[in-house]
There are 2 protein chains.
Amino acid sequence: MPYSKIPNATIKRLSLYRKQLRRLISEDREVVQSQELADSLGLTSTQIRKDLSYFGKFGCRKKGYDVNLLLANLRKIMGVATDNKLCLFGCGNLGNALLGYKGFEQRGFSIEAIFDTDLNKIGKFFHGKRCYSVNQAKEVIKRKNIKIAIIAVPDETVDEILEIIILSGIKSILNFTQRHLQLPGGIMARSVDFTDKLELLSYFSHTK
Amino acid sequence: MPYSKIPNATIKRLSLYRKQLRRLISEDREVVQSQELADSLGLTSTQIRKDLSYFGKFGCRKKGYDVNLLLANLRKIMGVATDNKLCLFGCGNLGNALLGYKGFEQRGFSIEAIFDTDLNKIGKFFHGKRCYSVNQAKEVIKRKNIKIAIIAVPDETVDEILEIIILSGIKSILNFTQRHLQLPGGIMARSVDFTDKLELLSYFSHTK
DNA sequence: CAAATATTGTGATTATATTCACAATATAAA
DNA sequence: TTTATATTGTGAATATAATCACAATATTTG
C-alpha cells in the first residue's frame, strides 16, 4: 500500500480526524468508536474505517480506537513536524488576524517571520514580531529554515510576492488572495477563499 | 437536466468561474475560451465545458464565450442576489479582519449587522458598524431580513451562538471555528479552516 | 462559394471515491 | 469455558467525477 495510491479525499480527511481526536483528549476521553467519530464530523463510520485501513490497523474490535494512540499514529502518518515554521507575507487586516490566531500553535505551526512592502510597517512590531522588508525574505527564510509561506497581500501584488517566495526556496504556499496562483512544478499551494463558500450557500438556499 | 442531478463538484466550481470572469471583465476582455479559463484556474478545458453543459449552451463554436454573457448566466444559475445580507457573530481579531475585507462587497455580499457577547464591545462601532448584543440577534436579523450568518467567535462559545443563530431563523452559516457544527435539518453550513490546509501542505512536502 | 480550421458540446470510457455486506475477532456474558 | 455480541477491517459493488474522443458547427481563408 504505497502512499501514492491513497485517495486524495482520504488524505484531506486525516486532519479532521486529528482535530476531533485532540478535542476528545482535552475531554479526557480514552477510547472512541468510528461511529461516534463519524457522527461528530458529519461522515460515515465506514468511511473513517476505510480511510484508516489504507495506513494500517489501529483499532481494537469490539472496543474502538485508543484516542491517544490513533492521534500519535496519524501524526506520524502525516509527518507533521512539531515545529512547522511559517512566514507571513502581508501585514494588513488579514495578516494581523492570522498573527493573533491561536490555532497555529495548537497544531504545531508557528509564524517565524513576517514581511511587508509598506515602509511604514517595516521594522515595526506586530503581535510581538518584527516586520521585515520583502527584500530580506530570501535571507530570513533561509536562515530560519522556514518551509511554508502564507500570502495575505492585496490581490494586485500577488505576482510580485509569489516571485519572491519562489526565489526564497519555499515549496508550500497557503494563499489567501482571490487569485489562482500560476506555479512552476514542485511547488504546492492551497487557497483559502470563503466568498466561494458564501456563493455556494447562496446557491443552495436558492435552489432548495 | 434537473438541478439535483448536477455534480456537486461542478457546483463548487461555478463561483471560481464567476471570479475569473469578473477579473477578465475588469481587464476589458470580451471573449474567453475554455482553454484559457482552464489554464488560469488550474483546470482542464473539457471540465469547464462539461460543467457548463449541465446548464445549457453558452459558447460560440470557434470563438469561445462572451465574458459578460457567461457571467450573467452564471449569476442567474447560481441565484446570487445582488444584496446578499450577512451578519457577523464575534468581533475579535478575525471578525474585524472580515469587516475590513473588501471582497464581500465586490461579490454582492454585505455585513449588515455584527454581534458580540462582550459588554465592552456592545454599542461600540467597528468599521463603521454598531455592535449589537447577541440577545438582540433574533430581532435585528428578522428586521434587516438577513439570510446568512458568519460565526467568528471562540470555539468554546460556538454551541451557545449556534443556538441563537438557529432561533433567529438563519438557514445558511459560514463557520470560522474549528468545531464541526451539529445542525438540525434544513440548515446548511460551510466551514473555513486553513490549518487543515497547512497540515495537508505539510503532509505533501513530507511524502514527496 | 467551398474547404480548412478552431472551438464548443457531449456520449462513452475510465478513474476515483463511497457505500455495502460481511468475515474476522476481541470482549463480555452466560 | 462456551456462546453471544459489538466493533473493526476489507473485498466487492455502486456511485460520482474526470477524461477521452469526436461530432457539430461557426468562422475564416482561399
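Order of the sequence lines sets the chain letters (A, B, ...), proteins ahead of strands, with each chain counted from 1.
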First encountered from the 5' end of DNA chain C, between A/R49 and A/N8: A/N8
Distance in angstrom units between A/L43 CG and C/dA17 P, rounded: 15 Å
Atom-to-atom span, NZ of A/K5 to P of C/dA17 - whole angstrom: 12 Å
salt_bridge(A/E27, A/R22) N-O dist < 4.0 Å: no
Sugar-phosphate only, base, or nothing, as touched by A/T44 at under 4.0 Å among non-hydrogen atoms: sugar-phosphate
Sugar-phosphate only, base, or nothing, as touched by A/K63 at under 4.0 Å among non-hydrogen atoms: sugar-phosphate
Rounded distance in Å - CD1 (A/I48) to C1' (C/dA17): 15 Å
Sugar-phosphate only, base, or nothing, as touched by A/S45 at under 4.0 Å among non-hydrogen atoms: nothing
B/R107 with A/D196: basic N within carboxylate O range, under 4.0 Å: yes
Side-chain ion pair, A/K19 and B/D193, N-O less than 4.0 Å: yes
Of B/Y65 and A/R61, the one whose closest DNA chain C nucleotide lies more 5': B/Y65
Check against side chain to side chain donor-acceptor pair (under 3.5 Å), B/Q35 and B/D39: CA-CA 6 Å; B/Q35 186 61 60; B/D39 290 345; 3.1 Å; yes
Where chain B begins and ends its contact with DNA chain D, read 5' to 3' at 4.0 Å from heavy atoms: D/dA17 to D/dT28
Nearest to side-chain heavy atoms of B/K50, which nucleotide of C/dA17, C/dT18, C/dT10: C/dT10
Whichever of B/D51 and A/T46 has its nearest DNA chain D nucleotide further upstream toward 5': A/T46
Spacing between A/L52 atom CG and C/dT18 atom P, to the nearest angstrom: 14 Å
B/R179/B/E156 ion pair, N-O < 4.0 Å: no
Ring centres under 6.0 angstrom apart (B/Y65, B/F58): no
Touch class at under 4.0 angstrom, heavy-atom based, for B/T10 against every strand present: nothing
Parallel, tilted or perpendicular, as decided by the 30° and 60° cut-offs, for the rings of B/F194 and A/F176: perpendicular
Atom-pair distance (CD on B/Q33; C1' on C/dA6), nearest Å: 9 Å
